[in-house]
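For clarity, every value in this text was computed on a predicted model and none was experimentally measured. Quick note: residue numbers are just sequence positions, from 1.
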Amino acid sequence: MMTAVKTNSQETSYTLLQRALDCGDSEAWEHLVEHYRRFIYYVLYNLNVAQSDVDDITQQVLICLAKDLPGYDRSKSRFRTWLSAVIRNTAVSHFRKQKSQQRRVEGLRDQMSFDNLNQSTEVDAYIEKEWASYIATQAMNRVKKVFQGQAIDVFQLSLDGLGASEIAEKTGLTISTVYTLKKRVKKRLYLEILDLTSDLEP
């Protein structure tokens, strides 16, 4: 049976952004880096950036964020949209500066079907999709810390396409318990996605 553990609500990223705009608030910047580093790394890796270069370019993106953050205008675009442009432009700049990487640029264009990598809406759409996946993954990681026992197993089996009776047979639970656990985990996942969206999408 599951046991719920109450978690503390985190500050919103807009609060962090506002604090990060104050150059003296290093703590806010560290929180932003923690939030976004893994996502930036993942996107660059999946944009065919060489494994040996991903760390360096991730750092370049973070440097760009630090430099350009004071110019970010929330009224003109979502932070995620702005971040997407920074990631894309930094990757393009990297490829252009290193002639030895030209074949990677072409491979990236072929894979993502761009005509103009530097102005491609397809890259932005890709990053948008990956962001949704990233949020869902982070939310599920939170949910796994909240539920113990068979609740997560039940939910995962349901995602795998098994019906309640099949899950009950596999886990030894009653069908009613399967429905209850599945509903609780699903609700918690939805709430965590909303919470993360509030945190990371000001």
Side-chain angles (χ1 to χ4, degrees), residues 10-139 193-202:
Q10 299 179 355
E11 295 176 280
T12 67
S13 265
Y14 188 58
T15 300
L16 291 175
L17 286 173
Q18 290 293 79
R19 288 174 52 196
L21 289 174
D22 177 0
C23 296
D25 195 339
S26 59
E27 182 181 356
W29 174 245
E30 289 173 2
H31 280 302
L32 281 175
V33 170
E34 180 181 350
H35 279 316
Y36 293 106
R37 180 186 295 276
R38 282 180 295 178
F39 175 68
I40 293 168
Y41 185 99
Y42 179 78
V43 167
L44 291 173
Y45 180 79
N46 284 281
L47 287 178
N48 277 355
V49 173
Q51 180 70 48
S52 58
D53 295 329
V54 170
D55 284 329
D56 288 342
I57 303 179
T58 297
Q59 191 62 33
Q60 289 177 35
V61 171
L62 292 172
I63 290 172
C64 287
L65 291 180
K67 182 180 70 174
D68 297 339
L69 191 58
Y72 167 65
D73 186 346
R74 189 189 185 198
S75 67
K76 293 182 179 180
S77 69
R78 292 177 300 173
F79 181 72
R80 186 172 75 257
T81 302
W82 183 73
L83 174 64
S84 172
V86 173
I87 295 173
R88 172 167 44 82
N89 293 339
T90 304
V92 170
S93 176
H94 168 77
F95 285 130
R96 286 180 173 173
K97 287 178 180 178
Q98 297 191 15
K99 292 183 179 180
S100 63
Q101 298 293 334
Q102 286 306 307
R103 285 184 297 177
R104 292 187 185 278
V105 175
E106 295 303 322
L108 180 59
R109 285 175 176 164
D110 290 341
Q111 179 183 346
M112 303 299 295
S113 302
F114 309 141
D115 291 323
N116 188 330
L117 181 62
N118 193 38
Q119 298 178 349
S120 174
T121 57
E122 192 165 346
V123 169
D124 293 336
Y126 167 77
I127 293 177
E128 183 83 9
K129 183 181 72 172
E130 291 304 325
W131 179 256
S133 175
Y134 177 78
I135 289 291
T137 299
Q138 296 304 309
I193 288 175
L194 288 181
D195 188 46
L196 275 167
T197 298
S198 175
D199 285 346
L200 302 179
E201 299 183 24

Colleague: Among all residues two or more places apart in sequence or in another chain, which pass the side chain to side chain contact (heavy atoms under 4.5 Å, CB included) test with R37?
Modeller: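 For R37, the residues satisfying side chain to side chain contact (heavy atoms under 4.5 Å, CB included) (neighbours in sequence not counted) are V33, T58, Q59, L62.
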Colleague: Which heavy atom of I40 sits nearest a heavy atom of I87, and at what distance?
Modeller: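 Heavy atoms of I40 and I87 come nearest at CG1-CD1, 4.0 Å.
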Colleague: Of all residues at least two apart in sequence or in a different chain, which pass the ring pair (Phe, Tyr, Trp, His ring centres under 6.0 Å) check with Y41?
Modeller: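 Y41: no ring pair (Phe, Tyr, Trp, His ring centres under 6.0 Å) contacts found.
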Colleague: side-chain contact (heavy atoms from CB on, under 4.5 Å) with I57: which of V54, D55, D53?
Modeller: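 The residue from V54, D55, D53 that satisfies side-chain contact (heavy atoms from CB on, under 4.5 Å) with I57 turns out to be D53.
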Colleague: Could you state the interatomic distance from CG (L196) to OG1 (T137), rounded to the nearest 0.5 Å?
Modeller: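 So the gap between those two atoms works out to 10.5 Å.
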Colleague: Under the side chain to side chain contact (heavy atoms under 4.5 Å, CB included) rule, collect the residues that match up with A85, sequence neighbours excluded.
Modeller: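 Counting only residues at least two positions away or on another chain, A85 forms a side chain to side chain contact (heavy atoms under 4.5 Å, CB included) with R88, N89.
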Colleague: Rounded to the nearest 0.5 Å, how far does OH of Y36 lie from OH of Y134?
Modeller: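 Rounded to the nearest 0.5 Å, the OH-OH separation comes out at 9.0 Å.
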